[in-house]
> 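Structure incoming, see below.
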Amino acid sequence: MAYLIEVSGIVQGVGFRPFVYRIAKRVGLRGYVRNLGNYVEILAECDEEKLRRFLDLLRKEKPPLARIEDVRVREVRDEGYDDFYVIKSGEGEGSSIIPPDINVCDKCLEEMFDPRDRRYLFPFITCTDCGPRFTIVTDVPYDRINTTMIDFPLCEDCEREYTNPMDRRYKAEPLSCWKCGPRYFLYDNSGRRIEVDDPISEAARLIEEGHILAIKGIGGTHLATLTTDDEVVLKLRRRRRRPNRPFAVMARNLDVVRKFAVVSKEEEELLTSFRRPIVLLRKSDDYYLSEYVAPGLHTIGVMLPYSPFHYLLMRNFDDPIIMTSANYPGEPMVLELDEALRKLGKVADYFLFHNRRIANRCDDSVIRISGGEIAFIRRSRGYVPEPIDTRFKSSVIATGPDLSSTGAVMKKGRCYLTQHIGDVENLETLEFLESAIRHMMKLTRTREIDAVACDLHPMFPSTTLAESLSDELGVELFRVQHHHAHAATLLAEHGLDRIVAITCDGVGYGLDGQPWGGEVLLSTYSAFERIAHLKPQPMPGGDLAAKYPARMVLGILYEALGEDVRRIAERYLLDGFKRGIREIEFSIRQLEKGINTPWTSSTGRVLDALSALLGVCYYRSYDGEPAMKLEAFATRGDPRAIRIEIDFLERNGVLMLDTTKMLLSALEALERGERREDIAASFQRALAEGLYALAMETCFDERDFGFSGGVALNDFIATTLRKLFEESGKRFFLNKLVPRGDGGVSFGQACVAAARVEGIE
Ligand code: ZN
Ligand code: ZN
Ligand code: FE
C-alpha cells in the first residue's frame with residue numbers, strides 16, 4: 001500500500017526534510033520526501049500500522065522551529081520504491097514560508113566550545129535547526145545557491161555533512177567551517193586591517209579599554225562599547241550626536257540581566273526565545289549601569305546573544321555592553337565595510353567585520369509588555385518574514401506611513417510585513433522600502449496584485465511610491481486614512497468585523513487635512529466614522545511645537561488664560577524656549593493671529609505638553625521622548641493623588657475631550673505645590689478615563705473596543721483602559737502581532753484595500 005502525505009505550515013529551512021527522512025528510516029518506510037513550495041510532500045509505501053507510527057512521530061518529534069498547520073493523507077498507487085529518498089526542491093508554486101533568523105542552538109554552542117570539535121570557536125557555526133535565514137536569502141526556494149553562502153563553496157568535510165541524510169547538518173544551507181566559511185577581521189578606522197590571531201577576543205579587549213567598535217552581525221551593524229563608564233557612554237553620545245535616545249544592551253546571560261533589571265516570567269520567555277528580540281525591561285533598584293545608557297527612562301532595552309559570534313564576544317564580559325544599531329535614526333542599517341568606514345569613521349575607533357554579505361538588512365526587534373500583553377515597538381529580525389493570516393483572499397501591496405515604517409505584501413490574504421524600514425523621508429529609506437517590498441514579493445512568489453494601498457497624505461514619499469507601483473501594475477490605488485489603518489489592524493488581528501477603536505498617537509493626516517491623533521473611530525474594514533476625538537489644540541509654529549513641547553503648553557492654555565500664559569511660561573517653562581522670553585512673546589503672537597498654527601487632536605502633543613509643564617522634558621531629540629519620559633516619571637507617582645478635571649465639549653454633533661481643562665487642572669496642582677510625580681500619574685489616569693468615557697458615551701451599545709497607535713505602548717494607559725472596559729462588560733483588544741505604533745500601519749492599509757477589493761464591509 002502507499003500513501004501521499006502533504007504537510008503544510010513552517011516546514012522549510014527548519015530541518016523538516018532531514019527529520020522526515022530520519023523517522024521514515026526508523027519506521028521503515030519506502031518512498032520519498034520533497035519540498036513543494038508551500039508544503040512538504042511525503043510518499044510512504046508501507047502498511048497502515050507503519051503509517052500510523054510515522055504520523056505519530058511526525059507530530060511528536062517535529063523540529064523545534066517547525067510549525068505543522070495541516071496534514072492531509074490519501075491512498076495512492078505503490079510505485080515500488082526500494083528505499084526512502086530526499087528529493088531535491090521543486091519549483092513549487094504557492095508561497096513557501098522562509099523562516100526568520102534563528103538563534104544558535106544548544107548543540108551548536110556545545111560544539112563551538114568543545115576544543116576537540118573541528119568548529120571550535122567558529123563564529124558561524126550552524127545546523128538545520130538554527131542560524132540565519134531571512135537575512136541571507138536572495139531568492140526561493142531556500143537552497144544554498146539562493147543564499148549569500150554561495151560565496152563560500154563547501155569543503156570536503158562540510159560537503160559530507162551536507163549530503164548525509166543522517167547528519168544533523170544535512171541540507172543545512174548556511175553550513176560552513178573554519179576551512180571554507182566566512183571570517184571576522186578587525187580594522188582600524190582608516191580601514192587598515194589589524195593582524196591578530198583572534199579578532200573577536202582582541203575586539204573584546206578594545207571594548208574593555210573604552211573604545212567604540214562597529215560590529216557587523218546578522219542583519220546589520222551595531223556600535224558596541226561599555227555600559228558602566230559614564231565617560232565612555234557620553235563619548236558615544238557625542239560622536240553619534242545622539243544626546244538622549246536610549247541605547248540597547250546585550251548581556252551574556254539572564255543572571256547578568258537580573259543584576260540591573262526586573263525580569264518577569266513572560267519577559268524571560270521573550271528574551272530566551274529563538275527570536276531573541278530586544279525586550280524593554282524595568283530598571284531594578286540595583287540598576288548600576290551608567291545613567292546615560294537610557295537617560296530619564298524607567299526601562300532599558302536588553303537582548304541576549306543570538307549569533308554564535310555574540311557568544312564568543314560576550315564571554316569576555318561580566319557586565320552588559322551597549323549594542324546599538326549603527327544606523328542613523330530612521331535610516332537603514334549600515335551593511336558593508338566601505339559604507340561603514342564612510343559613515344562611522346568618526347564614530348567608531350575599530351571595525352569588526354565579517355565577509356559574508358547581508359542580503360536583507362534587518363534591525364533587532366523591540367518588544368515590551370504593555371497592557372498585560374506583548375507589544376511590538378519594532379517587528380523585524382526573528383519575526384520577518386512570518387506572515388499574519390487574515391480573512392481576505394486578495395493580494396495587495398501597502399507602502400505604510402512615513403515614520404517608523406514597514407511595508408506589507410498580502411498574498412491571497414496572508415500578510416507579510418517587511419522588516420523595520422525607518423523614517424521614509426529621504427531617498428535612501430524610500431529605496432530601502434521599495435526594495436524590501438519587491439524582495440518580499442519575490443520570496444512569496446507574488447506576481448498578481450489586486451490593489452496597492454498607501455496613506456491619505458498626498459505628499460508622503462511612500463504615497464508617491466504607491467502611485468508609481470499602482471501605475472506599473474495597472475491596479476487600483478487605495479488611500480487609507482492613518483487611524484483607520486490602525487483600527488483595521490485590530491479588526492484583522494482579532495478576527496472582528498467592527499470595533500470602536502481608540503487610536504492615539506503623535507500625528508496622522510486627517511480627512512479634513514488636519515493632523516489627527518486622539519480619535520474614537522467606529523470602524524469596519526471598508527469604512528469608519530469619526531465618532532469623537534480630543535479637542536483640537538493650536539500648535540504655534542507647527543512642527544516646532546512637536547520639537548519644543550513648551551510651545552504646546554502655550555497653545556493648549558491660551559484659550560483659557562489669554563495673556564496670562566506669559567506668566568505661566570515665564571514661571572515654569574523658561575528653559576523650554578531656546579530664545580527665552582522673546583520666543584515666548586513670539587509664540588503668543590502666533591497664537592493670537594493664527595500664524596503658522598495648525599490645529600491638532602493629537603494625544604502625543606498633550607502628553608508632551610504635560611511633560612514640559614512638569615519640567616520633565618523640554619526638547620524632543622527622538623520620536624516620543626517627552627511622552628516616554630513622562631511615563632517613566634509617572635511610575636514614581638500616585639495616580640489617585642490629584643483630581644484632574646474630565647469634561648466634554650460638543651461641536652457639530654461630535655463629542656470632544658476637553659484637554660485644556662485637563663492641563664489647567666495639572667497647572668493648578670502645580671501652583672498648589674503638589675508633587676509633580678503625582679500630577680503626572682494622575683494626569684495619565686485621567687486621560688485613560690477620559691478616553692474611556694468618550695468611547696462609552698458615544699458607543700455604549702457596541703461590544704468590542706480596542707486601543708491602537710503609539711500611545712497604546714504606554715503601559716499605564718493601556719492597562720487602565722483594559723480594566724475600565726472589561727469591568728463594564730466590554731471586550732477590549734490591543735495589537736500583539738503587529739506594532740501598535742506606525743510599524744503596524746502598512747498591515748492595516750493592506751486589510752482596508754483588500755476589503756474594498758472584495759466588497760467586504
Ligand atoms: Zn544548530
Ligand atoms: Zn567546511
Ligand atoms: Fe500612528
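Bear in mind that the values here come from a model prediction, so they are computed numbers and not experimental data. Ligands are counted one by one from 1 in listed order, and the atoms in each one are counted from 1 as well.
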> Which angle, to 10 degrees, forms at the Zn ion (ligand 1) with SG of C108 on one side and SG of C130 on the other?
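Once rounded, the angle between the two atoms at the Zn ion (ligand 1) is 110°.
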
> Would you please say whether a donor-acceptor pair under 3.5 Å links the side chains of Q419 and N360?
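Not at all, the side chains of Q419 and N360 share no donor-acceptor pair under 3.5 Å.
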
> Please tell me whether F376 and Y383 form a close aromatic pair, meaning their ring centres lie under 6.0 Å apart.
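They qualify: ring centres under 6.0 Å apart.
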
> Can you give me the SG-the Zn ion (ligand 2)-SG angle for C158 and C177, to 10°?
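Output for this angle: 100°, rounded to tens.
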
> Just to confirm my numbers, could you give the angle made at the Zn ion (ligand 1) by SG of C127 and SG of C105, rounded to 10°?
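Computed angle, vertex at the Zn ion (ligand 1), rounded to 10 degrees: 110°.
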
> For the Fe ion (ligand 3), find the closest N/O/S atom on D742 and give its atom name.
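Result: OD1.
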
> Using the ring pair (Phe, Tyr, Trp, His ring centres under 6.0 Å) definition, which of the options H484, H482, H486 pairs with F528?
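Testing F528 for a ring pair (Phe, Tyr, Trp, His ring centres under 6.0 Å) against H484, H482, H486 leaves exactly one candidate, H484.
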
> Using 2.8 Å as the threshold, say whether any N, O or S atom from H486 sits that close to the Fe ion (ligand 3).
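Here the distance criterion (N, O or S atom, under 2.8 Å) is met by H486, so yes.
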
> State the atom name: nearest N, O or S atom of D505 to the Fe ion (ligand 3).
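D505's closest N, O or S atom to the Fe ion (ligand 3) is named OD2.
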
> Any Lys/Arg nitrogen of E631 or R368 sitting under 4.0 Å from an Asp/Glu carboxylate oxygen of the other?
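Counted as a salt bridge, because a side-chain N and a carboxylate O are separated by less than 4.0 Å.
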
> Would you kindly check if the NZ (Lys) or CZ (Arg) of R479 is within the cone defined by 45 degrees around the ring axis of Y509 and under 6.0 Å from the six-membered ring centre?
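So R479 doesn't make the cation-pi contact.
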
